[in-house]
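So the structure is just underneath, and the comments pick up after that.
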Amino acid sequence: MDRKGILVGLGILLAAIDLTIEIKVLPLLYEGVPIPFPSTAKPIGNILFSATFLHLTLIAMNLMVVLAVMKRLGYKSSFLPSKSSDWLDLSAFLIMALSGLLMWFYPIAFLFFLGSGIYIVLAEMR
């Protein structure tokens with residue numbers, strides 16, 4: 001199979017996995033929220049924040065998988081991470097996205113969110 005075929009197959013596989021995860025996890029985020037929303041309640045902020053971080057986590061995981069496969073297949077490009085610090089930056093982004101999702105269920109995840117956010121800011125300053 002050629003390299004383009006592998007990447008297309010990977011894209012289809014990742015889309016199927018993402019769809020399955022989204023179908024299984026999104027109802028857990030909406031659990032306990034009365035639908036339709038009462039006229040005075042504002043529960044939508046928590047739902048949107050959690051759903052946004054779920055999608056951000058899926059995007060970060062997909063990005064890391066595609067970049068790792070492209071590197072393994074031998075693609076040469078300037079946008080592929082070449083140094084270990086580049087992969088560390090991507091890992092910090094994934095940790096930030098995942099901890100952003102988890103901090104609404106486990107408040108201790110805010111420390112990981114804050115730490116990875118500070119690392120990303122400091123890494124961009126160098």
Side-chain angles (χ1 to χ4, degrees):
M1 198 179 212
D2 64 334
R3 294 191 306 183
K4 287 183 183 179
I6 291 173
L7 287 178
V8 168
L10 178 67
I12 292 170
L13 178 67
L14 287 175
I17 291 171
D18 288 348
L19 184 62
T20 304
I21 290 172
E22 193 164 328
I23 288 172
K24 296 293 183 183
V25 173
L26 272 180
L28 296 175
L29 299 178
Y30 289 111
E31 191 173 286
V33 176
I35 297 180
F37 298 127
S39 60
T40 59
K42 297 181 182 179
I44 198 162
N46 183 18
I47 295 168
L48 287 180
F49 196 82
S50 301
T52 300
F53 274 107
L54 171 67
H55 293 121
L56 187 64
T57 302
L58 292 175
I59 290 168
M61 285 191 291
N62 289 345
L63 179 67
M64 289 187 74
V65 167
V66 169
L67 290 175
V69 168
M70 288 179 75
K71 184 177 179 182
R72 183 82 173 170
L73 289 176
Y75 277 92
K76 301 291 181 197
S77 180
S78 62
F79 71 90
L80 286 175
S82 57
K83 299 180 286 186
S84 61
S85 64
D86 296 338
W87 285 103
L88 190 59
D89 293 346
L90 280 173
S91 299
F93 178 65
L94 178 63
I95 290 169
M96 187 180 79
L98 188 60
S99 62
L101 175 64
L102 291 177
M103 82 172 138
W104 292 105
F105 304 105
Y106 307 103
I108 193 73
F110 181 69
L111 295 175
F112 295 101
F113 180 81
L114 192 62
S116 59
I118 290 171
Y119 172 79
I120 290 171
V121 169
L122 292 177
E124 289 299 317
M125 289 175 67
R126 61 180 150 107

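Numbers here are sequence positions counted from 1.
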[atom1] of [X] to [atom2] of [Y]: how many Å apart, nearest 0.5 Å?
| X | Y | atom1 | atom2 | answer |
| --- | --- | --- | --- | --- |
| I120 | M125 | CD1 | CE | 14.0 Å |
| L7 | D2 | CG | CG | 9.0 Å |
| L28 | S50 | CG | OG | 11.0 Å |
| I17 | L19 | CD1 | CG | 11.0 Å |
| L58 | I21 | CG | CD1 | 5.5 Å |

Side-chain contact test, heavy atoms from C-beta onward, threshold under 4.5 Å: evaluate it for [X] versus [Y] and give yes or no.
| X | Y | value |
| --- | --- | --- |
| L94 | L90 | no |
| L88 | Y119 | yes |
| F113 | L102 | no |

Atom of [X], atom of [Y] and distance for their closest heavy-atom approach:
| X | Y | value |
| --- | --- | --- |
| A109 | S99 | O-CB, 3.5 Å |
| Y75 | R3 | OH-CB, 3.5 Å |
| F53 | L101 | CB-N, 3.6 Å |

- If you look only at pairs with a residue in residues 12-28, which of them pass as a salt bridge (Lys or Arg N to Asp or Glu O under 4.0 Å), with sequence neighbours excluded? none

- Item | Of all pairs that satisfy salt bridge (Lys or Arg N to Asp or Glu O under 4.0 Å), the ones with a partner from residues 75-101, not counting sequence neighbours | D89-R126

Look at the side-chain heavy atoms of Ile, Leu, Val, Met, Phe, Trp and Tyr, link any pair under 4.5 Å apart, and say whether [X] and [Y] land in one connected group.
| X | Y | answer |
| --- | --- | --- |
| V65 | L80 | yes |
| W87 | L63 | yes |
| I95 | L67 | no |
| F112 | F93 | no |
| F105 | L54 | yes |

- Message: For L122, is the CG atom crowded, meaning more than 12 foreign heavy atoms sit under 6.0 Å from it?
- Response: yes

